[in-house]
Number of protein chains: 2
Amino acid sequence: MHDHSLDDQQIDHISQIFKALSDPTRIKVLHLLFQRECSVNEIAEQLNMNQSAISHQLKYLKQLHLVKKRKVKTMSYYSPDDYHVMNLLEQTIEHTKHTS
Amino acid sequence: MHDHSLDDQQIDHISQIFKALSDPTRIKVLHLLFQRECSVNEIAEQLNMNQSAISHQLKYLKQLHLVKKRKVKTMSYYSPDDYHVMNLLEQTIEHTKHTS
DNA sequence: TTATAATATGTGCATATGTTCATATACTAA
DNA sequence: TTAGTATATGAACATATGCACATATTATAA
């Protein structure tokens, strides 16, 4: 038998994860990082967006432990850091491709 | 070989679904409806929230086809209407319970 | 040292969001 | 009809969000 109860802390955590995935820019960033590690400028160029906007979003994602950073000289290379959330996103993307 | 391209329409759709799941109230509503069909007042009482707030959120969820409505006399009974999204939510809830 | 490059950060702004309040609507029952 | 109940809706409000701009920080290279 399952326990259906949910405390507010768990719910807040879940909503935070889904909120991270609820923005088109963050989806694009994560989907790109799923394919390959990228620097900030690479991401900004790929998505045709301001470097500052990308940097802010990467900070947001890093704070949630969804991405990690590797510094080399002046460059910051970002890559996924949460296997479960990345699978959640990629499976949803695949499902959307096959249905819409 | 996979196609990694994603058009903006698909991304907007995905972000809309995740946005629906990014609010604690909507998570609680959907999780409750996953267990059993409920009227608006039932939901409001269970979540200890304003009837109007629940009604607004149900309209939001219905517009996205995540819930459906069954009218009986003056009552509106709501239940899930998207198997895939409900599974997405419930699996994430289960995962959170077992890890956090 | 100075200049340059990559990234990070603070601020301001327009817009979006979630809620409450008051009220409207739909339906029932007396 | 009228009163009562359940739900829906519109408006207003405080807060959150995502972005651009300017600038700061960090590290390199000349």
Side-chain angles (χ1 to χ4, degrees), chain A residues 8 11-33 36-79 81 89, chain B residues 8 11-33 36-79 81 89:
Chain A
D8 286 344
I11 289 177
D12 285 346
H13 178 248
I14 293 169
S15 69
Q16 272 198 318
I17 298 301
F18 283 127
K19 185 161 290 177
L21 301 176
S22 75
D23 175 69
T25 299
R26 287 193 292 269
I27 291 178
K28 290 177 195 170
V29 168
L30 289 173
H31 185 61
L32 177 56
L33 296 183
R36 56 184 172 87
E37 186 189 56
C38 287
S39 70
V40 179
N41 275 344
E42 273 183 287
I43 300 169
E45 283 168 26
Q46 278 285 321
L47 307 190
N48 196 28
M49 286 190 63
N50 198 299
Q51 172 268 324
S52 171
I54 298 302
S55 195
H56 277 293
Q57 296 294 9
L58 286 169
K59 181 181 183 176
Y60 178 106
L61 293 170
K62 187 163 177 290
Q63 193 187 292
L64 286 174
H65 306 290
L66 300 189
V67 302
K68 61 182 179 236
K69 175 164 66 167
R70 181 172 68 91
K71 286 215 85 173
V72 178
K73 299 187 174 179
T74 60
M75 319 270 283
S76 292
Y77 293 100
Y78 284 86
S79 56
D81 198 30
L89 174 61
Chain B
D8 286 345
I11 289 177
D12 285 345
H13 179 248
I14 293 169
S15 69
Q16 273 198 316
I17 297 301
F18 283 127
K19 186 161 289 177
L21 301 176
S22 75
D23 175 69
T25 298
R26 288 193 291 269
I27 291 178
K28 290 178 195 170
V29 169
L30 289 173
H31 185 60
L32 177 56
L33 297 183
R36 57 186 172 85
E37 185 190 57
C38 288
S39 71
V40 179
N41 275 343
E42 273 183 287
I43 300 170
E45 284 168 25
Q46 278 284 322
L47 306 191
N48 195 31
M49 286 189 65
N50 199 298
Q51 172 269 322
S52 173
I54 298 301
S55 195
H56 277 296
Q57 297 293 9
L58 286 169
K59 182 181 183 176
Y60 178 106
L61 293 170
K62 186 162 177 292
Q63 192 186 294
L64 286 174
H65 307 290
L66 300 188
V67 303
K68 60 183 179 235
K69 175 164 65 166
R70 181 172 67 91
K71 286 214 85 172
V72 178
K73 299 185 176 180
T74 59
M75 317 270 283
S76 292
Y77 294 100
Y78 284 85
S79 56
D81 198 30
L89 175 60

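Given the structure is predicted, the values throughout are model-derived calculations rather than measurements. Chain identifiers are assigned alphabetically (A, B, ...) following the order of the sequence lines, protein sequences preceding nucleic acid strands; residue numbering begins at 1 within each chain.
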Using a cut-off of strictly less than 4.0 Å between a heavy atom of the residue and any atom of DNA chain C, enumerate the qualifying residues of residues 15-27 of chain B by number.
B/Lys19, B/Asp23, B/Thr25, B/Arg26

CD1 (B/Ile11) and CG (B/Asp8) are apart, to the nearest 0.5 Å, by 5.5 Å

Could you tell me the separation between the NE2 atom of A/His13 and the CZ atom of A/Phe18, rounded to the nearest 0.5 Å?
11.0 Å

Do the side chains of B/Gln63 and B/Tyr60 get nearer than 4.5 Å, heavy atoms only?
no

List the residues meeting ring-ring contact (aromatic ring centres under 6.0 Å, His included) with A/Tyr78, not counting sequence neighbours, and say none if there are none.
none

Sequence neighbours left out, what passes side-chain contact (heavy atoms from CB on, under 4.5 Å) with B/Lys71? Give chain and number order.
B/Lys69, B/Ser76

The side chain to side chain donor-acceptor pair (under 3.5 Å) partners of B/Ser15 (sequence neighbours excluded) come to none

Could you list the protein-to-nucleotides 3-6 of chain C atom pairs, N/O on both sides, closer than 3.5 Å?
| from | atom 1 | to | atom 2 | distance (Å) |
| --- | --- | --- | --- | --- |
| C/dA6 | O4' | A/Thr74 | OG1 | 3.3 |

B/Asp12: partners by salt bridge (Lys or Arg N to Asp or Glu O under 4.0 Å), with sequence neighbours left out
none

Got a sec? Which of residues 65-73 of chain B come in under 4.0 Å of DNA chain C, heavy atoms?
B/Lys73

Length of the line joining A/Ile54:CD1 and C/dA8:P, which is rounded to integer Å:
12 Å

With rounding to the nearest 0.5 angstrom, report the CD1 to OG distance, B/Ile27 to B/Ser22.
7.5 Å

Please report the shortest heavy-atom distance between B/His31 and B/Leu89, naming the atom on each side.
N-CD2, 4.3 Å

With sequence neighbours left out, what residues match A/Leu61 under side-chain contact (heavy atoms from CB on, under 4.5 Å)?
A/Ala20, A/Arg26, A/Val29, A/Leu30, A/Leu66, A/Val67

Numerically ordered, the residues 57-64 of chain B set in heavy-atom contact under 4.0 Å with DNA chain C is B/Gln57

For the helix from C/dT1-D/dA30 to C/dA30-D/dT1, figure out the bend between the end axes, five pairs an end, and round to 10 degrees.
10°

Just checking B/Tyr77: base, sugar-phosphate only, or nothing, at a heavy-atom cut-off of under 4.0 Å?
nothing

Residues 36-56 of chain B side chain polar contacts: donor-acceptor under 3.5 Å, at least two apart:
| from | atom 1 | to | atom 2 | distance (Å) |
| --- | --- | --- | --- | --- |
| B/Arg36 | NH1 | B/Glu42 | OE2 | 3.2 |
| B/Glu37 | OE1 | B/Arg70 | NH2 | 2.7 |
| B/Glu37 | OE2 | B/Arg70 | NE | 2.9 |
| B/Ser39 | OG | B/Glu42 | N | 3.2 |
| B/Ser39 | OG | B/Glu42 | OE1 | 3.4 |
| B/Glu42 | OE1 | B/Ser39 | N | 2.9 |
| B/Asn50 | OD1 | B/Ser52 | N | 2.9 |

Heteroatom pairs (N/O) under 3.5 angstrom, protein to nucleotides 21-23 of chain C:
| from | atom 1 | to | atom 2 | distance (Å) |
| --- | --- | --- | --- | --- |
| C/dC21 | N4 | B/Ser52 | OG | 2.6 |

Without decimals, in angstroms, what is the distance between A/Leu47 CG and D/dG18 C1'?
14 Å

